[in-house]
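We name chains A, B, ... by the order of the sequence lines, and we start the count at 1 in each one. All figures in this text were calculated on a predicted structure; none of them were measured in a lab.
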Amino acid sequence: MHDIKFIKDNSSLFDAILKKRNISSHSKEILFLHQEYLDNLKKTQGLQEKKNSLSKMFSPKLNQKEIEKIKSDVTKIKKELDELKNKTDEKKNKLNQILLEIPNLVDDKVPIGKSEIDNIIIKEVGKINKPDFKIKNHVEILEKNNLLDYNKASKLSGSRFSVLRSSLATLHRALVNFMIDINVTEFQYEECIVPELVKSDCLTGTGQLPKFDEDLFRTNFNDLWLIPTAEVPLTNFHREEIIDSTKLPLRYTSFTNCFRSEAGAAGKDTKGLMREHQFGKVELVSIAEPNKSMAEMERMIECVEMILKKLNIPYRLVELCSGDLGFSSAYTIDLEVWMPGQKKFREVSSCSNCKDFQSRRMKMRAKNHGTGEIYYPHTLNGSSIAIGRILISIIENYQQENGTISIPDILKNYMKGITSIGSK
RNA sequence: GGAGAGAUGGCAGAGUGGUCGAAUGCACCGGUCUUGAAAACCGGCAAGGAUGCAAGUCCUUCCAGGGUUCGAAUCCCUGUCUCUCCGCCA
């Protein structure tokens with residue numbers, strides 16, 4: 001959500017920054033609407049003042065005539081106020097509706113570009129293995145070993161769902177535990193278990209609503225929606241709160257299932273664990289002082305990198321260009337891992353600094369009790385890591401010529417002594 | 001699912017029709033005292049918005065949405081959430 005005062009004082013800058021996302025100018029329309037709203041608001045407040053003062057004049061000692069006069073005057077004002085209030089609300093709602101659908105302003109650091117083609121590879125880490133046997137993709141390997149069962153999955157739920165069995169399920173669980181452990185003990189994130197159904201207000205807060213409802217699953221129970229990422233509940237922890245600034249930064253981590261309709265992805269990544277309606281993910285969320293959020297972001301990326309290093313999987317850092325940046329983000333770095341089956345790097349994590357965009361939307365503020373200052377803290381989120389996709393990478397990178405998959409050293413303690421899965 | 005109680009400032013907690021944006025305590029901030037600190041004492045301390053150079057003035061908000069009333073934190077209705085008891089249940 002954008003600060004109307006900022007738009008007023010910097011309208012051409014505002015439009016220029018939006019243009020980086022290939023979005024046309026908005027400020028003129030917004031400011032016009034805002035002025036209309038203000039005009040109505042002033043009138044409304046004037047009438048309210050009148051009404052209040054009339055009520056204050058009321059006293060049982062007044063004579064009948066005076067009392068009747070006040071009553072009828074107030075009734076008249078109330079009627080007028082009703083209309084005016086409706087009009088004011090209408091303007092305000094219209095303005096809000098527009099503001100809620102405008103994406104975050106991109107940071108100066110973000111490279112300008114149209115699509116993912118213009119993203120910038122910052123660095124590549126780890127050596128890509130080129131074994132001298134024929135590499136299989138994860139679906140081939142896992143289905144052959146009865147570890148991934150699409151007959152069962154489609155019977156239960158249709159396409160874009162998976163059933164993971166026996167040692168593959170164990171490996172999934174091992175990854176979750178490994179990642180949460182390291183986030184808690186090495187990186188000082190607070191471990192949380194959170195609802196996977198949330199109210200629409202939460203989704204508006206983080207930016208999925210109102211614009212992207214098609215990507216989400218909604219239930220027919222109250223106003224509850226399945227979360228597309230744990231970013232939603234974790235970031236909304238402090239919605240409509242004023243946080244004591246000495247408590248910042250706040251760091252939370254959680255494993256949840258994530259649910260996405262994949263509405264616009266027909267035909268994309270149709271096989272395997274790559275793109276599913278339900279997938280597991282460990283998420284990191286930080287709430288930071290505005291002047292420290294970029295440093296916090298670097299720290300967050302290092303946390304995710306550490307996991308990939310410990311898993312010993314080749315990866316690269318990609319700086320998203322303005323045209324590929326997510327709605328709520330001001331600056332995003334993706335982490336992509338090598339997937340031998342596709343001979344491509346694919347995204348397993350996306351770390352974003354949303355600055356004050358989400359905190360404004362959810363009215364999350366911080367207060368410095370020394371100075372009395374109240375301000376919007378910055379929010380950051382990053383995956384650490386999407387389990388389904390990192391599984392693909394592990395399976396494909398650790399596959400052996402004999403069709404088995406060896407277990408990364410770091411996970412062996414989490415695997416009940418299993419050092420290899422699949423049969424020869 | 002049945003019966004009952006409740007939701008007030010950062011927290012605790014008073015307030016049942018006007019003088020209430022709201023007592024009091026704690027926390028927090030400033031000061032006095034002290035070599036320093038603590039204690040004690042004095043003062044300050046909700047948020048959002050409009051207007052104004054500013055001081056200030058005004059509007060809104062006591063879970064949310066409706067209603068009654070000249071006037072609502074307070075009365076009525078609906079919803080949400082919390083707690084207690086009973087039933088059921090992983």
Among A50(B), G71(B), A47(B), find the nucleotide with the atom closest to the side chain of Ile374(A).
A47(B)

Please determine, for the side chain of Lys51(A), which listed nucleotide (U80(B), G71(B), A50(B)) has the closest atom?
G71(B)

I want to verify a distance call: between C70(B), C59(B), U51(B), whose nearest atom is closest to the Glu49(A) side chain?
C59(B)

Report which part of the nucleic acid Lys56(A) touches: base, sugar-phosphate, or nothing (heavy-atom distance under 4.0 Å, all strands).
nothing

Assign Ile67(A) to base, sugar-phosphate, or nothing according to its heavy-atom contacts below 4.0 angstrom with the strands shown.
nothing

Are OP1 or OP2 of U51(B) and a side-chain N or O of Lys42(A) less than 4.0 angstrom apart?
yes

Consider the side chain of Arg365(A), meaning its heavy atoms from C-beta on, and name the nucleotide among U51(B), C70(B), A47(B) that approaches it most closely.
A47(B)

Check whether any side-chain nitrogen or oxygen of Asn52(A) sits under 4.0 Å from OP1 or OP2 of G18(B), and answer yes or no.
no

Write down the distance between CG (Asn96(A)) and C1' (G49(B)), rounded to a whole number of angstrom.
13 Å

I need the Ile405(A) CD1 to Leu147(A) CG distance, nearest 0.5 Å.
6.5 Å

Students often get this wrong, so: under 4.0 angstrom with heavy atoms, is Leu41(A) touching a base, only sugar-phosphate, or nothing?
sugar-phosphate

Among C70(B), A47(B), A50(B), which is the nearest nucleotide to the side chain of Ile242(A)?
A47(B)

Base, sugar-phosphate, or nothing for Asp73(A), non-hydrogen atoms under 4.0 angstrom?
nothing

Give the rounded distance in Å between these two atoms: CG of Leu84(A) and C1' of U60(B).
15 Å

Which nucleotide, A46(B), G71(B), G49(B), lies nearest any side-chain atom of Gln45(A)?
G49(B)

